[in-house]
Novice: 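First the structure, which I've put down as structure tokens, then a few questions once you've had a look.
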Amino acid sequence: MSVVYLAVGSVTGTAKAVSCALKERMERAGHQVVLDEAASVAAMNSSGCDAVLICTSTTGSGDLPANILPFYMELEEQFPLQNGRPFGVISLGDSSYGDTFCGAGALMEERFCELQGSAPVPRVTIDATETVTPDDDALFWLEEWMEQALA
Ligand SMILES: Cc1cc2nc3c(=O)[nH]c(=O)nc-3n(C[C@H](O)[C@H](O)[C@H](O)COP(=O)(O)O)c2cc1C
């Protein structure tokens with residue numbers, strides 16, 4: 001059994017709904033999940049997590065949603081080294097935005113790499129123009145991530 005800290009970034013609720021599906025699946029597999037829609041370094045640390053999962057949409061022009069931006073800033077300021085702790089990023093976006101497609105997920109992935117987290121499975125991008133079932137796509141990716149990242 002592992003403890004997973006699941007940080008959610010969402011504007012209109014899609015990434016939140018996907019996160020709830022992820023939580024349910026991980027709990028069914030016997031893991032404990034701390035889902036946080038107002039993620040912080042303090043909450044991540046106090047969760048005692050074995051792995052970190054980030055599920056975020058992209059807003060503006062490649063920007064992080066307002067509810068996960070403070071977490072991103074804290075990670076830069078406090079620089080909590082991950083020492084190889086596994087993480088994963090599920091990135092929601094819309095390819096019609098061109099170069100900024102899924103930019104927020106890319107930012108979070110870059111940050112956790114800088115903090116020396118390990119990404120056993122590369123970030124998944126979920127394109128709103130290509131799927132109407134983002135949770136199915138995320139759950140497919142999750143199976144591999146759980147196998148690689150969780151004990
Ligand atoms: C105002 C606005 C700006 C957006 N900007 C981007 C963007 O720069 N890049 C991208 O990939 N998707 C962008 N999107 C698409 C959203 O990320 C996508 O629709 C996502 O599924 C929304 O998830 P949410 O409901 O959890 O916020 C934008 C959507 C809106 C409404």
Side-chain angles (χ1 to χ4, degrees), residues 2-29 31-47 49 51-78 80 82 85-115 117-146 148-150:
S2 298
V3 178
V4 178
Y5 184 71
L6 171 51
V8 185
S10 187
V11 180
T12 52
T14 313
K16 186 187 168 193
V18 168
S19 299
C20 290
L22 295 169
K23 178 178 195 282
E24 198 183 303
R25 173 69 191 104
M26 286 188 279
E27 286 177 345
R28 234 179 334 115
H31 303 297
Q32 190 186 322
V33 181
V34 178
L35 186 155
D36 200 342
E37 291 176 62
S40 66
V41 169
M44 177 177 73
N45 290 344
S46 66
S47 73
C49 61
V52 178
L53 200 52
I54 295 113
C55 178
T56 186
S57 68
T58 298
T59 191
S61 183
D63 301 324
L64 287 146
N67 71 321
I68 200 168
L69 182 61
F71 183 47
Y72 180 77
M73 309 289 276
E74 280 185 5
L75 289 168
E76 182 172 19
E77 287 155 15
Q78 300 180 28
Q82 299 296 296
R85 180 163 63 186
F87 74 95
V89 179
I90 293 150
S91 190
L92 282 78
D94 181 326
S95 58
S96 64
Y97 284 85
D99 284 353
T100 67
F101 175 56
C102 283
L107 287 171
M108 292 302 303
E109 183 180 49
E110 196 184 347
R111 178 104 324 148
F112 271 86
C113 284
E114 282 167 10
L115 294 170
S118 74
V121 184
R123 174 173 67 99
V124 63
T125 55
I126 299 178
D127 185 351
T129 67
E130 282 192 350
T131 182
V132 286
T133 54
D135 39 355
D136 286 352
D137 296 33
L139 287 167
F140 183 80
W141 177 94
L142 181 71
E143 293 303 317
E144 174 75 10
W145 187 79
M146 281 199 296
Q148 302 282 336
L150 305 185

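It should be emphasised that the depicted structure is a prediction, and the values quoted were computed from it without experimental measurement. Counting starts at 1 for both ligands and their atoms, following the listed order.
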Novice: Is there a donor-acceptor pair under 3.5 Å between the side chain of Arg123 and the backbone N or O of Met108?
Specialist: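 Between the backbone of Met108 and the side chain of Arg123 there is no qualifying donor-acceptor contact (under 3.5 Å).
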Novice: Quick one: which residue pairs count as a ring pair (Phe, Tyr, Trp, His ring centres under 6.0 Å) with a foot in residues 92-113, not counting sequence neighbours?
Specialist: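 Pairs touching residues 92-113 that pass the test: Phe87-Phe112.
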Novice: I'd like the contact residues of ligand 1, where contact means a heavy atom below 4.0 Å.
Specialist: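 Residues near ligand 1: Ser10, Val11, Thr12, Gly13, Thr14, Ala15, Ser57, Thr58, Thr59, Gly60, Ser61, Gly62, Leu92, Gly93, Asp94, Tyr97, Thr100, Phe101, Cys102.
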Novice: Please check: side-chain N/O of Ser47 versus main-chain N/O of Cys49, any donor-acceptor pairing under 3.5 Å?
Specialist: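 Yes; judged by distance alone, with no hydrogens or angles, the pair exists.
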Novice: Can you tell me if Thr131 uses its side chain to pair, donor with acceptor, with the backbone of Thr133 under 3.5 Å?
Specialist: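 Indeed, once roles are kept as given, a pair shorter than 3.5 Å links the two residues.
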Novice: Sub-3.5 Å donor-acceptor pair from the side chain of Asn67 to the main-chain atoms of Val11, do we have one?
Specialist: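 Checking the backbone N and O of Val11 against the side chain of Asn67, no donor-acceptor pair under 3.5 Å is found.
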Novice: Without hydrogens or angle criteria, can the side chains of Asp94 and Thr129 be said to hold a donor-acceptor pair below 3.5 Å?
Specialist: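 No.
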